[in-house]
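Below is one structure, written out as structure tokens; comments come after it.
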Amino acid sequence: MSELLESLNPVQREAVEATEGPVLILAGAGSGKTRVLTHRIAYLISERGVAPWNILAITFTNKAADEMRERVERLCDEDGGKVWVATFHSTCVRILRQQAELLGYSPNFTIYDSDDQKTLMKRVVKSLELDPKMYGEKMLCGKVSAWKNACKGPDDAFKEAGDFRERKIAEIFENYQKQLLANDAMDFDDLLVNTVRLFKEHPDVLASYQQRLRYIMVDEYQDTNTVQFYFISLLAAAHRNICVVGDDDQSIYGFRGADIRNILDFEKVFTGVKVIKLEQNYRSTKNILDTANHVISHNFSRKSKTLWTDHEAGDRVDLREYDTGYDEAEGVITDIMENRRSFAYGECAVLYRTNAQSRLFEEKCVMYGVPYKLVGGVNFYQRREIKDVIAYLKTLDGARDDLAVQRIINVPKRGIGQTTVTRLADFAGEKELSFFEAVCCASAGEVPGVSAGASTKLTSFLSLIDQLSSMRSSLGLKELVEAVVDRSGYRKELQDEKTVEAETRLENIEELINKAAEYPDTPGDREALTQFLEEVALIADVDTLDEDENRVVLMTLHGAKGLEFPRVYIAGMEEGLFPSIMSMNTGREEDIEEERRLCYVGITRAKKKLTLTCARQRMVNGETRFGIESRFVSEIPDDLLERRNEGKGGFAPGGGYGSRTGRGCGRPEKGSNFKFGGYGSSSYGNSLDDYYSYDYGVRREPSARYGQPSQRITRTDSSISSGSVSAYMGKSLMADKSSGPDYGVGDRVRHVKFGEGIVTAIEEGKRDFEVTVDFDRIGSKKLFASFAKLQKI
DNA sequence: TCGAGAATTGTTTTT
DNA sequence: CAATTCTCGA
């Protein structure tokens, strides 16, 4: 038998050897699915003689992709590095960069994150003169995202619309898409939708990818949504060598459009599917696994399977009840300290349902000097200062992203106010110019309503951009970022502020510069910048997690998917928090079931020791809420649990306020419907609220408020590190714009936004060539050559 | 134009 | 409670 197969159990081996045709692997938690996938890839290469570039493996996070590539490399040397391993999103970006022009985008289109999405959405609502209260951008982004996840466009939205409001929303959707295109931008969902569109509209393009990617593997299949399913279906249609790995019990992204039906549809679309079940767990002790099995068995809609292990029973699962959220955090962190000889800090993880819960744990870590790593919350790349610098870079990279230009036009302060910006935006809208082009016009005094004073300020802004642009060809990426920070006056403004906050911002900027330094430093390397911007947009929080560091990990249950830790704490096991009040209020059992799967995911992260904790009362939105034990706890048989009441002086457990709240954190009766597990119900004895609130006032821990503790600089580590992705990025499709336009008067040209037209004049302006084009659709326009990116046809 | 202070508002989970 | 948006005076 081949060496590769020897280390696998018979079922795993079967999964590895089933290389041809569609395969569905139902892999329970900890059953070695990553092992199967990596070995399968290695097997394809070394035993079946498949070329590495004929293999595509899609993972959920960049971190998982890196890990998988590494492990494959270990199994079959350098060939492993040539396998295409990436997330759905980065896979699509890579394809789109090559073919964007077919969709009316430029090859270095920008990617909008959820903040940008919201900003754009607000603007669309405003431009349609609708009431922003009636049409909240959050809800709209949610709807648009849901449509896109289901692979539907504005026309579908119009068809589905029943009433006035729905028609309006469809109209907003349509407009939003137009604005994205005008800004040469795609949101996260567009990356998938547009790739699918590309494949459908250009069968030749699809065929070339089908030709190349003959073996396709998808990890975390239970979390794919409809667009993602279309995407892989199209790619795999020709060779049908598609292998998906998933666990319906770990499907926790329903809110993002993930659909378990994809598992069923898989067997419909790909006939003759070979189904393989991996049920042996190699990760956890028997007690932990039993606990997980008991909890998940309360779900009705699931494919029946039972995980087993031949590991020892291990400790019982701890359940600890605390008086308050503060006590809970204190208890967990001190427990970690006390046991640090059995479990190193780096072996411990604290998991919770909501990001808001992290603060308490963070404070306690700071207080006791426990090294920790906070994953999630505010993403590094979403921080204001980082987004500002990125906006500068985007502006230098094309200036068609109106949001980016507007973001930095007055950052740092240069006296360009809201009024001017609005004027410019209106002018740009009227004349169908980009915002940046409008700025150029205003600087030349061509925009009515912009004062001479404002015009001067705009000119100096333009000369800054101009200056940076011209430096670009002689600087490496790192120097370019530094130049942006220095020349713009951004660094100086922060230095002058002299606050701890500004200091932190500067540190973050330094960190961004460090990241930039990891890219090729060839002067004027366009690709480096484009790639940098792209990775910055697609990076996830878990991607920055480095388990070699000896730090306690704090993160949400969602973030923990796919990871494992010897010691796991799950905090906040209370009705209304976990399961969340949201899932309880819909009254739909499916929503509770998703929460239960989340609980199952959390439990199965633990290898050796699991502790569940809850608090009888906790601060939520500034008010004290009383909680009762989560139903998930009550679904665990008593003999698996080690209960401990950690309440201390002053609170009689089960008594005191017990007459109102039942038994505090006590066990709820089985079978009853906990509509208000203390959360969500508005009045629960106000006098008691007051009393306990006062108690908090004494207890509050102000130490970690502002000062960023040294442990907090957790993001300096782990490089962005998918440099290997670049190997496949292919050649640059960009024209060199340094030596003037490559078209002349009378030539026919294409503009991304305005379509085709004829060049009627070219004149050399002081900062750029100004080209006048007579467009077929919209008539004559004067454009700046370097930003218009006109293409000769 | 811009800052300070007031008012308001919000809570799931994320590529 | 904390973060964001709004309002108003200079």
Side-chain angles (χ1 to χ4, degrees), chain A residues 58-65 86-93 111-115 117-118 122 132-133 136 138 141-142 145 148-149 186-192 220 223-225 227-228 251-258 325 351-360 375-379 381-382 384 410 413-422 451 453-454 457 535 537-543 555-561 572 576-586 591 594-595 597-599 601-602 618-625 679-680 693 696-697 700 702 705-706:
Chain A
I58 293 178
T59 58
F60 199 68
T61 62
N62 292 303
K63 180 170 178 282
T87 63
F88 270 109
H89 293 269
S90 28
T91 303
C92 288
V93 172
I111 300 167
Y112 275 4
D113 68 14
S114 35
D115 285 339
Q117 261 179 70
K118 271 188 239 152
K122 263 191 235 165
K133 291 240 156 46
K138 238 188 121 204
C141 286
S145 181
K148 289 182 180 178
N149 286 160
M186 298 191 198
D187 64 22
F188 285 141
D189 302 316
D190 276 345
L191 297 176
L192 265 306
E220 307 284 7
D223 289 320
T224 49
N225 57 38
V227 220
Q228 293 169 333
S251 163
I252 53 173
Y253 283 95
F255 68 93
R256 210 172 69 188
L351 310 180
Y352 35 80
R353 180 66 240 267
T354 66
N355 277 308
Q357 289 165 261
S358 67
R359 217 194 75 227
L360 257 28
V375 180
V378 204
N379 190 319
Y381 293 102
Q382 278 167 229
R384 203 208 316 162
N410 198 32
K413 300 259 146 50
R414 5 183 120 78
I416 301 167
Q418 195 51 56
T419 0
T420 308
V421 172
T422 313
S451 66
K457 289 167 185 162
E535 290 217 5
L538 292 179
I539 206 96
D541 286 307
V542 261
D543 295 341
M555 66 176 149
T556 63
L557 287 151
H558 281 88
K561 194 181 72 158
L577 187 58
F578 190 29
S580 78
I581 189 69
M582 296 295 199
S583 64
M584 287 162 64
N585 283 343
T586 60
D591 292 330
E594 179 150 320
E595 297 275 312
R597 289 193 292 270
L598 189 55
C599 186
V601 167
R618 150 184 328 270
M619 287 286 246
V620 178
N621 282 2
E623 51 180 328
T624 308
R625 294 276 173 87
Y679 286 75
S693 297
Y696 281 124
R700 289 287 284 121
R705 258 309 182 34
Y706 284 107

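Because the structure is predicted, anything quoted here is derived from the model rather than measured. A note on names: the letters A, B, ... follow the listed sequences, proteins ahead of strands, and every chain is numbered from 1. Scope of the values below: all heavy atoms of this structure, side chains included, with no hydrogens, waters or symmetry mates.
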When the distance from CZ of A:Arg625 to P of B:dG10 is rounded to whole Å, what number comes out? 14 Å

Is A:Lys122 touching bases, backbone alone, or none of the nucleic acid, heavy atoms closer than 4.0 Å? sugar-phosphate

Hey, does A:Phe60 have a side-chain heavy atom less than 4.5 Å from the side chain of A:Thr87? no

Out of curiosity, A:Thr61 OG1 to A:His89 NE2, how far, rounded to the nearest 0.5 Å? 11.5 Å

Within the structure shown, what part of the strands sits under 4.0 Å from A:Asp113 by heavy-atom distance: base, sugar-phosphate, or nothing? nothing

So, do A:Phe88 and A:Phe188 have ring centers that fall under 6.0 Å from each other? no

Strictly below 4.0 Å: does A:Arg359 bring a side-chain N or O up to OP1 or OP2 of C:dC1? no

Please tabulate the protein-to-nucleotide N/O contacts below 3.5 Å involving nucleotides 12-15 of chain B, giving atom names and distances.
{"residue": "B:dT12", "atom": "O2", "partner": "A:Arg353", "partner atom": "NH1", "Å": "2.2"}
{"residue": "B:dT12", "atom": "O2", "partner": "A:Arg353", "partner atom": "NH2", "Å": "2.2"}
{"residue": "B:dT13", "atom": "OP1", "partner": "A:Asn355", "partner atom": "N", "Å": "2.8"}
{"residue": "B:dT13", "atom": "OP1", "partner": "A:Asn355", "partner atom": "ND2", "Å": "3.3"}
{"residue": "B:dT13", "atom": "O4'", "partner": "A:Arg353", "partner atom": "NH2", "Å": "3.2"}
{"residue": "B:dT13", "atom": "O2", "partner": "A:Arg353", "partner atom": "NH2", "Å": "2.5"}
{"residue": "B:dT13", "atom": "O2", "partner": "A:His558", "partner atom": "NE2", "Å": "3.4"}
{"residue": "B:dT14", "atom": "OP1", "partner": "A:Thr556", "partner atom": "OG1", "Å": "3.0"}
{"residue": "B:dT14", "atom": "OP2", "partner": "A:Asn355", "partner atom": "ND2", "Å": "3.4"}
{"residue": "B:dT15", "atom": "O4'", "partner": "A:Arg256", "partner atom": "NH1", "Å": "3.3"}
{"residue": "B:dT15", "atom": "O2", "partner": "A:His89", "partner atom": "NE2", "Å": "3.2"}

With distance as the sole criterion, is a donor-acceptor pair present between the side chains of A:Thr354 and A:Gln357 under 3.5 Å? yes

Excluding sequence neighbours, so at least two apart, what forms side-chain contact (heavy atoms from CB on, under 4.5 Å) with A:Ser580? A:Arg353, A:Met582, A:Ser583, A:Glu595

Residues which pass side-chain contact (heavy atoms from CB on, under 4.5 Å) with A:Thr422, listed by chain and number, not counting sequence neighbours: A:Gln418, A:Asp426

What interatomic distance, in whole Å, is found between P of B:dT13 and the corresponding atom of C:dT4? 14 Å

